[in-house]
Amino acid sequence: MLMHKLPRDFYERDTVLVARELLGKYLVHGEFAGKIVEVEGYLGQQDLASHSSRGITKRTEVMYGPPGYAYVYLIYGMYHCMNVVTEAKGIGSAVLLRAIEPVKNITGRTQGPGLLTKAMHIDIRLNRHDLQSNDFFIAEGPPQLPFVIVEKPRIGIHFAQEWVEKPLRFYIKDNPFISKL
DNA sequence: TGCACGATGAAC
DNA sequence: TTCATCGTGCAC
């Protein structure tokens with residue numbers, strides 16, 4: 001299977017562009033692989049829905065670091081969420097991976113950020129991991145048919161005031177593995 | 001040093 | 001609609 005790893009330049013671009021282009025790419029962790037079918041963009045310190053909105057802290061400094069690294073955190077004490085850091089160093093932006101389509105060695109459901117990480121065996125130990133590595137990365141998959149991208153408001157960010165309705169969630173239209181309608 | 005609260009998922 | 005479960009951020 002063609003597995004051309006995405007270069008760091010891919011991530012060092014506008015977050016919305018990176019988010020849209022991550023759809024259809026292959027997330028690889030060791031023996032596990034899945035096709036990314038749903039993502040959300042988190043734009044930086046001005047984005048009230050983003051963890052980076054409170055500035056640089058021990059937790060968010062990875063978001064403000066160089067692009068192409070994983071930001072993995074524990075949510076609700078029991079699930080992990082995985083993001084990829086985007087844009088230049090100094091900008092606290094990232095793309096949350098919300099759902100994948102199983103490709104290799106995946107058991108269990110993958111529709112939702114917590115289920116995705118569980119199925120891919122991704123946890124807090126992979127926080128700050130360089131996605132240019134050989135054990136954990138995102139790659140261009142094999143050629144596939146073109147698809148339509150659906151834009152919707154992000155999930156679970158009711159507190160984010162004027163950012164609540166911004167269309168920063170993207171998914172592959174009609175894909176059966178997206179997390180919600 | 002303490003405490004309220006999630007970028008969730010599953011059950012009721 | 002409620003609950004499980006714990007690290008983070010901010011108040012005190």
Side-chain angles (χ1 to χ4, degrees), chain A residues 11 13-23 25 27 29 32 34-65 67-87 90-102 106-129 131 136 138 149-172 175-181:
Chain A
Y11 304 100
R13 298 182 297 157
D14 174 77
T15 299
V16 169
L17 189 59
V18 174
R20 297 178 67 103
E21 291 192 14
L22 279 174
L23 295 175
K25 298 295 191 291
L27 176 65
H29 175 219
F32 308 102
K35 186 174 88 171
I36 298 168
V37 299
E38 178 183 347
V39 298
E40 283 178 0
Y42 287 84
L43 303 192
Q45 188 154 15
Q46 75 279 10
D47 180 355
L48 297 180
S50 175
H51 290 167
S52 60
S53 65
R54 297 175 207 230
I56 299 177
T57 66
K58 188 80 175 179
R59 179 207 213 185
T60 64
E61 64 181 358
V62 60
M63 293 184 77
Y64 284 90
Y69 284 77
Y71 166 42
V72 182
Y73 65 93
L74 181 68
I75 185 74
Y76 298 106
M78 63 188 85
Y79 298 106
H80 295 279
C81 290
M82 177 189 168
N83 303 249
V84 298
V85 177
T86 61
E87 309 208 26
I91 300 177
S93 56
V95 173
L96 170 68
L97 306 186
R98 284 196 59 89
I100 57 169
E101 180 180 312
I106 300 294
T107 56
R109 301 174 66 199
T110 58
Q111 38 197 288
L115 294 175
L116 176 162
T117 53
K118 185 180 177 192
M120 287 286 298
H121 295 244
I122 293 166
D123 63 30
I124 197 69
R125 291 171 296 186
L126 289 170
N127 190 28
R128 301 163 179 263
H129 199 95
L131 296 176
F136 188 37
I138 299 174
I149 298 176
V150 179
E151 302 181 3
K152 293 278 193 227
R154 293 171 291 184
I155 302 292
I157 54 151
H158 55 279
F159 53 85
Q161 302 174 43
E162 74 268 24
W163 289 84
V164 169
E165 294 303 325
K166 299 205 184 278
L168 291 171
R169 176 180 178 225
F170 308 96
Y171 61 81
I172 296 177
N175 187 283
F177 294 94
I178 61 171
S179 63
K180 296 183 181 176
L181 295 179

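Side chains are part of it too, since the values below use all heavy atoms of this structure and drop only hydrogens, waters and symmetry mates. Chain identifiers are assigned alphabetically (A, B, ...) following the order of the sequence lines, protein sequences preceding nucleic acid strands; residue numbering begins at 1 within each chain.
- The side-chain heavy atoms of A:L126 and A:T117, taken from C-beta on, include no pair separated by under 4.5 Å.
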(message) Reading 5' to 3' and counting Watson-Crick or G-U wobble pairs with both distances under 3.5 Å, write the dot-bracket notation for DNA chain B, | for bases paired outside the strand.
(response) ||||||.||||.
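- Of all heavy-atom pairs spanning A:P67 and A:T86, the tightest one is CB-C, 4.0 Å.
- Look at CE on A:M63: it is 11 Å from P on B:dA7, rounded to the nearest Å.
- For the P atom pair drawn from C:dC10 and B:dA7, the interatomic distance equals 13 Å after rounding to whole Å.
- Counting heavy atoms from C-beta on, the side chains of A:F159 and A:V164 never come closer than 4.5 Å.
- The phosphate of B:dA10 has OP1 or OP2 within less than 4.0 Å of a side-chain N or O from A:R109.
- Contacts between residues 70-78 of chain A and DNA chain B, defined by a heavy-atom separation under 4.0 Å, are made by A:Y71, A:Y73, A:I75, A:Y76.
- Judged by distance alone, with hydrogens and angles left aside, the side-chain atoms of A:E40 form a donor-acceptor pair with the main-chain N or O of A:I155 at under 3.5 Å.
- Remark: A:S50 engages A:S52 in a side-chain hydrogen bond (donor to acceptor under 3.5 Å, both in side chains) (not counting sequence neighbours).
- Within the 4.5 Å cutoff, the side chain of A:F177 has heavy atoms near those of the A:P102 side chain.
- Taking the 5' to 3' direction, DNA chain C first and last meets chain A under 4.0 angstrom from a heavy atom at C:dA4 to C:dC10.
- For DNA chain C, the neighbouring residues in residues 44-59 of chain A, judged by any heavy atom under 4.0 Å, are A:R54, A:T57, A:R59.
- If you check every strand for non-hydrogen atoms under 4.0 Å, A:L115 touches sugar and phosphate atoms only.
- Here the separation of B:dC5 from C:dT2, taken at their P atoms, is 15 Å to the nearest Å.
- Note on A:Y42: a base of the nucleic acid sits closer than 4.0 angstrom, heavy atoms only.
- Judged by ring centres under 5.5 Å apart and planes tilted less than 30 degrees, A:Y79 fails to stack against the six-membered base ring of B:dG9.
- Between A:L97 atom CG and B:dA7 atom P the separation is 16 Å, expressed in whole Å.
- Taking every heavy atom of both residues into account, A:F170 and A:R20 meet most closely at CE2-NH1, 3.8 Å.
- Under the 30°/60° scheme for interplanar angles, the aromatic rings of A:H121 and A:F32 are found to lie parallel.
- Heavy-atom contacts from other residues, nucleotides or ligands closer than 6.0 Å to CD of A:E61 number more than 12.
- Between the A:T60 side chain and the A:M63 main chain, no donor and acceptor come within less than 3.5 Å of each other.
- A:I172 is not listed as a side-chain neighbour of A:I36, based on a closest heavy-atom distance of 4.5 Å or more.
- Distance A:I155 CD1 to B:dG6 P: 16 Å, rounded to the nearest Å.
- Contact annotation for A:I157: backbone-only contact, meaning every heavy-atom pair under 4.0 Å involves sugar-phosphate atoms and none involves a base.
- A sub-4.0 Å separation between OP1 or OP2 of B:dA7 and a side-chain N or O of A:R169 is absent.
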(request) Begin with the C-alpha distance, continue with both residues' side-chain angles, and end with the deciding distance and a verdict on side chain to side chain contact (heavy atoms under 4.5 Å, CB included) for A:E21 and A:R13. (result) CA-CA 11 Å; A:E21 291 192 14; A:R13 298 182 297 157; 2.9 Å; yes
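- Atom CG of A:L48 and atom NZ of A:K166 lie 10.0 Å apart (nearest 0.5 Å).
- For A:T110, there are no side-chain hydrogen bond (donor to acceptor under 3.5 Å, both in side chains) partners at least two apart in sequence or on another chain.
- Distance, A:K180 NZ to B:dA7 P: 13 Å, rounded to whole Å.
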